[in-house]
There are 2 protein chains.
Amino acid sequence: MDQKTLTLERIETAPQTLRDIVQTKMRDAIMSGHFAPGERLVERPLCEQLGVSRTVVRETIRYLEAEGLVETISHKGPIVATLNWSQAKQIYDIRRQLESAAAEAAAKASTPAFEADLRAALAQLDEAMRAQDWSVIFAAATAFYERIFAQAGHTVAWEIVQRLNGRISRLRALTLSAKDRSTSGLAHMSAIADAVIRKDPRDARAAVKAHIKEAAKIAQAVLAQEKRND
Amino acid sequence: MDQKTLTLERIETAPQTLRDIVQTKMRDAIMSGHFAPGERLVERPLCEQLGVSRTVVRETIRYLEAEGLVETISHKGPIVATLNWSQAKQIYDIRRQLESAAAEAAAKASTPAFEADLRAALAQLDEAMRAQDWSVIFAAATAFYERIFAQAGHTVAWEIVQRLNGRISRLRALTLSAKDRSTSGLAHMSAIADAVIRKDPRDARAAVKAHIKEAAKIAQAVLAQEKRND
DNA sequence: TGTTGTAATATGGTATACCATCATACAAAT
DNA sequence: ATTTGTATGATGGTATACCATATTACAACA
């Protein structure tokens, strides 16, 4: 950096605590299916595996419990939250409401800079899908939606959608690899981006609805299949 | 109890932990304004006041943090979450979407038993408002909405609405005591109940929207007034 | 009066000890 | 073979110790 342009700014972020790190790891492990729904989260083995004390693990479990990723069951202790179709369906319904409202608002508030940003996000998603790396696809899809919610000013809704997506992330991973999609996820998101970029709130809503409808359908089939396999 | 009808059933609920109790107390203290937005939640004084160890307080703070009632700020530690109008407005918007969807679904799924239940809930709310006891009113309003969400089958949305209401409970308390309501909260809820009982989904949606619209308007005025007083 | 250095205090992060309760394994009795 | 009693291990709940860092108070110096 050119010395003459060095600036001193306020330190806004604190260094990460062990708890921050463990929380992220545990959340990712649950969302990616490393810990299966219903699996017990026993403190001492987790401490040994992660190399931290029970305080850090317990505080992490409390937080994930409030996020809905962990349940504390009588006579069982903490387990990875399970999800049935009724709950999943409700989650898709809520997503449809919040995401379509955000897409509509983003279409109304679209700017050239935002449009370029959204195109870039879509290109990244395309690349991620070619690579077929699940976690990269997830990150790209999240970035895509984050931009839409931010442009819409729907930051609170985005927090909610992220939490809900955390709870169905296993389903999302399974629907992603499903071959029986009539329209790919990428095509759905392209349609959403197109409508937003064209400043067409009605089409943006419709595109989101179509996307969610198909994702929910595949998720239902996946859950039904699992039920047969049990 | 008649000895001959004694039954032995499975024990479904575990005894309450200290953490459960403290969590409820802390949540109520925040929601009722005992702890003001921005106020620091310092561990050791809380431990002394509640007569518990730091483990219990820390785990409680982690949970409330995930609920959005507490924020951890750099160089400051945990504080009671603050709320600006932009956030409050978004919360009212989301409530409008989820509550109107629930009222619509409840109107479609209404039964005589449910209608009697809803009428009873409304009567309890009326009584609570006559008593002018804020916590009783809150409990009655919560029970009213809980029934609607349950009848609609929107249990996940209910969890979300409860969380959001927790974040704006201070505003709700202030709007409740506001005298400049053109229509009282009770009248709004009566309108909602009427529409649901008449099995009129459209009117149920409209009644919810009217209610939320007015509540949001008063909340905005309250926040604006607070800004002036700062 | 303003600045700097330093000691004391406060605070959150993290580890660990202790305990009560529950689950499991196994022996003894029927 | 089944039931019962008991010992052992596992587990979550809770308390407390220790530490590093940040904040505050105050003295010394210019």
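Here the structure is a predicted model, which is why all the values come from computation and not from measurement.
The separation between B:Glu48 atom CD and C:dT11 atom C1' is 13 Å, rounded to whole Å. For A:Asp20 and C:dT14, the CG to P distance is 8 Å, given to the nearest whole Å. Across the protein-nucleic acid pair, B:Leu41 atom CG and C:dA10 atom P stand 19 Å apart, rounded to whole Å. Residue A:Gln16 contributes atom CD, which lies 11 Å from atom P of C:dT14 at whole-angstrom precision. In this structure, A:Gln23 atom CD and C:dT14 atom P are separated by 11 Å, rounded to whole Å. The nearest whole Å value for the distance from the CG atom in B:Leu50 to the C1' atom in D:dT14 is 14 Å. Look at CD on A:Glu59: it is 14 Å from P on D:dT14, rounded to the nearest Å. With rounding to whole Å, B:Leu18 atom CG is found 11 Å from D:dG13 atom P.
At the phosphate of C:dA15, OP1 or OP2 sits under 4.0 Å from a side-chain N or O atom of A:Ser53. Contact between the side-chain N/O atoms of A:Arg58 and the OP1/OP2 oxygens of D:dG13 is found at a separation under 4.0 Å.
A:Glu104 places no side-chain N or O within donor-acceptor distance of the main-chain N or O of A:Ala152, the cut-off being under 3.5 Å. Using modelled atom types, no side-chain atom of B:Arg27 and backbone atom of B:Leu64 make a donor-acceptor pair closer than 3.5 Å. Not one N or O on the side chain of B:Arg95 forms a donor-acceptor pair closer than 3.5 Å with the backbone of B:Val161. No side-chain donor-acceptor contact under 3.5 Å links A:Glu67 to the backbone of B:Ala66. A donor-acceptor pair under 3.5 Å is absent between the side-chain atoms of A:Asp28 and the main chain of A:Lys25, judged by distance alone.
Relative to the side chain of A:Arg62, the nucleotides C:dG13, C:dT14, D:dG13 differ in distance, and D:dG13 lies closest. The nucleotide whose nearest atom lies closest to any side-chain atom of B:Arg40 is, among D:dA15, C:dT11, D:dT11, C:dT11. The side chain of A:Thr17 approaches C:dT14 more closely than any other nucleotide in the set D:dT14, C:dG12, C:dT14. Relative to the side chain of B:Val42, the nucleotides C:dT16, D:dG13, C:dT11 differ in distance, and C:dT11 lies closest.
Note: B:Glu99 CD to B:Trp158 CH2 = 7.5 Å, rounded to the nearest 0.5 Å.
Axis angle across the helix from C:dT1-D:dA30 to C:dT30-D:dA1, with five pairs used at each end and values rounded to 10°: 0°.
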Atom pairs under 3.5 Å: protein N/O with N/O of nucleotides 17-21 of chain C:
residue : atom : partner : partner atom : Å
C:dA17  : N6   : A:Arg54 : NH1          : 3.4

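The closest side-chain donor-acceptor pair between B:Asn84 and B:Thr82, if any, does not fall under 3.5 angstrom.
Residue order along DNA chain D, read from the 5' end via each residue's closest nucleotide, puts A:Lys76 first among B:Val52 and A:Lys76. Mapped onto DNA chain C by nearest heavy atom, A:Arg19 and B:Pro15 fall at different nucleotides, with A:Arg19 at the one closer to the 5' end.
At a threshold of 4.0 Å, the pair A:Arg96-A:Asp93 counts as salt-bridged, since one of the basic side-chain nitrogens sits closer than that to a carboxylate oxygen. One finds no salt bridge joining A:Arg163 and B:Glu159 here, because no Lys/Arg side-chain nitrogen approaches an Asp/Glu carboxylate oxygen to under 4.0 Å. A salt bridge does not link A:Glu59 with A:Arg62: none of the charged nitrogens is closer than 4.0 Å to a carboxylate oxygen.
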